[in-house]
Protein chains: 2
Amino acid sequence: MNIGEAAKASGISRKMIRYYEEIALLEPGRTANGYRVYAPQDIHTLRFISAARRLGFSVPDVKALLALWQDRSRSSADVKRLTDGHLRHLRARVAELNAMIATLETLAGACDGDERPDCPIINRIASTAEPDPA
Amino acid sequence: MNIGEAAKASGISRKMIRYYEEIALLEPGRTANGYRVYAPQDIHTLRFISAARRLGFSVPDVKALLALWQDRSRSSADVKRLTDGHLRHLRARVAELNAMIATLETLAGACDGDERPDCPIINRIASTAEPDPA
DNA sequence: CTTGACCCTCCCATGGTGGTAAGGTTCACG
DNA sequence: CGTGAACCTTACCACCATGGGAGGGTCAAG
């Protein structure tokens with residue numbers, strides 16, 4: 001299986017497949033002329049990577065997950081620990097984004113959105129930016 | 001005002017202040033020996049940038065906001081349009097993250113987290129990754 | 001005059017992803 | 001058998017933000 005077919009089979013671009021190899025997430029074989037060859041197990045690994053990425057795991061986390069996956073003597077506690085850390089990260093990010101959304105919704109709701117220059121959104125950003133009264 | 005003082009006054013690192021200058025968000029003066037000099041207006045601009053970044057606006061968006069801020073004949077509709085676009089982006093991102101969180105919470109909830117290898121989290125990622133039955 | 005605290009520019013790294021250029025290979029069709 | 005398309009290879013560059021560091025200039029206080 002060539003890299004092009006592997007890309008189709010895994011839904012990962014050729015570029016990213018080469019990148020994942022570069023950072024040692026997988027190690028496909030090579031033909032005599034240097035072409036990468038993907039065995040079914042490599043495709044499975046690529047799809048594992050893709051699934052983990054879709055769950056938002058960082059590439060280093062994916063690397064750790066792959067190692068755990070391939071380690072038959074892993075403890076599920078390790079997987080759970082990694083997942084819980086990732087969940088904390090995701091929840092923190094969502095909280096940040098929700099705070100931004102709340103502020104922006106308030107401001108946008110107060111903005112007339114007409115042809116006049118007066119705008120609470122930009123006023124708010126500018127006033128937050130005013131020099132310290134100190 | 002030197003870059004160090006500007007950094008303290010704006011809460012933006014020296015590195016980023018130079019970067020913002022490089023991408024033409026501001027243009028401080030220079031002393032004879034090449035040191036950057038920040039006027040009060042520059043500090044205000046830096047703080048504007050910081051406030052907009054904290055609201056999650058991308059640097060290109062911040063550039064547009066700065067231009068609108070400095071344009072006394074702007075229409076508030078332009079500001080609102082930009083903000084609404086940003087809001088859509090934020091909401092979409094939150095929805096993605098929430099979907100990941102929901103899946104991961106379910107899986108983590110079903111994972112014993114003990115010393116045994118069996119783990120629904122990794123099983124799920126691996127089975128999502130199985131070859132197409134096709 | 002030395003020392004320490006600044007400042008300068010230039011390069012490198014990250015995390016993921018895309019592009020592109022210059023070259024080699026393989027295959028099917030004529 | 002030749003040739004062109006469709007692959008493959010490596011090696012760069014880009015993005016967005018941000019941080020680090022090297023190597024060197026400047027300035028003020030002691």
Side-chain angles (χ1 to χ4, degrees), chain A residues 1-39 42-43 46 48-66 85-86 89-90 93 96-97 100, chain B residues 1-39 42-43 45-46 48-66 82 85-86 89-90 93 96-97 100:
Chain A
M1 215 168 182
N2 274 341
I3 196 172
E5 298 167 277
K8 268 178 216 152
S10 65
I12 302 179
S13 70
R14 293 166 179 78
K15 272 291 187 189
M16 290 312 297
I17 293 179
R18 291 197 195 100
Y19 172 67
Y20 292 145
E21 176 182 347
E22 194 186 322
I23 62 174
L25 296 195
L26 75 163
E27 214 186 326
R30 297 274 180 154
T31 62
N33 57 38
Y35 284 21
R36 290 171 178 82
V37 187
Y38 296 85
D42 295 319
I43 304 302
L46 286 171
F48 183 99
I49 294 168
S50 174
R53 293 286 297 137
R54 279 197 303 275
L55 286 172
F57 286 100
S58 68
V59 168
D61 277 358
V62 172
K63 194 167 193 170
L65 282 172
L66 267 177
H86 179 42
H89 185 249
L90 288 175
R93 186 74 186 130
E96 284 175 9
L97 296 182
M100 294 173 188
Chain B
M1 216 169 182
N2 275 341
I3 196 171
E5 299 166 277
K8 268 176 216 153
S10 66
I12 300 179
S13 69
R14 292 168 179 78
K15 273 288 183 187
M16 289 313 296
I17 294 178
R18 293 196 194 101
Y19 171 67
Y20 291 146
E21 176 182 349
E22 194 186 320
I23 62 174
L25 297 194
L26 75 163
E27 214 187 326
R30 296 272 182 157
T31 62
N33 57 36
Y35 284 21
R36 290 172 178 81
V37 188
Y38 296 85
D42 294 320
I43 304 302
T45 298
L46 286 171
F48 183 99
I49 293 169
S50 173
R53 293 286 297 136
R54 279 195 303 274
L55 287 173
F57 285 101
S58 68
V59 168
D61 278 358
V62 171
K63 193 166 193 171
L65 282 172
L66 267 176
L82 206 148
H86 179 42
H89 185 248
L90 289 175
R93 185 76 187 127
E96 284 175 9
L97 297 181
M100 294 173 188

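Just so it is clear, the values below take in all heavy atoms, side chains as well, and ignore hydrogens, waters and symmetry mates. Convention: sequence-line order gives letters A, B, ...; per-chain numbering from 1.
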From CZ of R54(A) across to P of dT17(C) the rounded distance in Å is 12 Å

Separation of dC6(C) atom P from I17(B) atom CD1, nearest Å, is 14 Å

Closest heavy-atom pair, M100(A) versus L90(B), reported as atoms and distance to 0.1 Å, is CB-CD1, 4.1 Å

Please state whether the phosphate of dT9(C), meaning OP1 or OP2, lies under 4.0 angstrom from any side-chain nitrogen or oxygen of R36(B). yes

For I23(A) and K63(A) the tightest heavy-atom approach is O-NZ, 2.9 Å

Less than 4.0 angstrom from a charged side-chain N to a carboxylate O is my criterion; do E21(B) and R18(B) meet it? no

Atom NZ of K8(A) and atom C1' of dC7(D) are separated, to the nearest Å, by 10 Å

Protein-proximity profile, nucleotides 13-20 of chain D, B/S/- by nucleotide at the 4.0 Å heavy-atom cutoff, equals ----SBSB

Next item on the list: Mind checking R18(A) for me? I need base, sugar-phosphate or nothing, with any heavy atom below 4.0 Å counting as a touch.
Entry: base

Does a side-chain heavy-atom distance below 4.5 Å link E27(B) with D42(B)?
-> no

Ignoring backbone atoms, establish whether N33(B) has a side-chain N or O less than 4.0 Å from OP1 or OP2 of dC27(D). yes

Exercise for the section: Could you tell me whether K8(B) and E5(B) make a salt bridge, using a distance below 4.0 angstrom between a side-chain N and a carboxylate O? Expected result: no

Between L65(A) and A52(A) the two heavy atoms that sit nearest each other are CD1-CB, 4.2 Å

Whole-Å distance, L25(A) CG to dG15(C) C1', equals 13 Å

Atom CZ of R14(A) and atom C1' of dT20(C) are separated, to the nearest Å, by 14 Å

Whole-Å distance, R93(A) CZ to dG15(C) P, equals 17 Å

Y35(A) OH to dG24(C) P, in whole Å, measures 12 Å

Between CD of E22(A) and P of dG18(C) the distance, given in whole Å, is 15 Å

| said: So T45(B) and Y20(B), do their side chains get closer than 4.5 Å, heavy atoms only? | reply: no

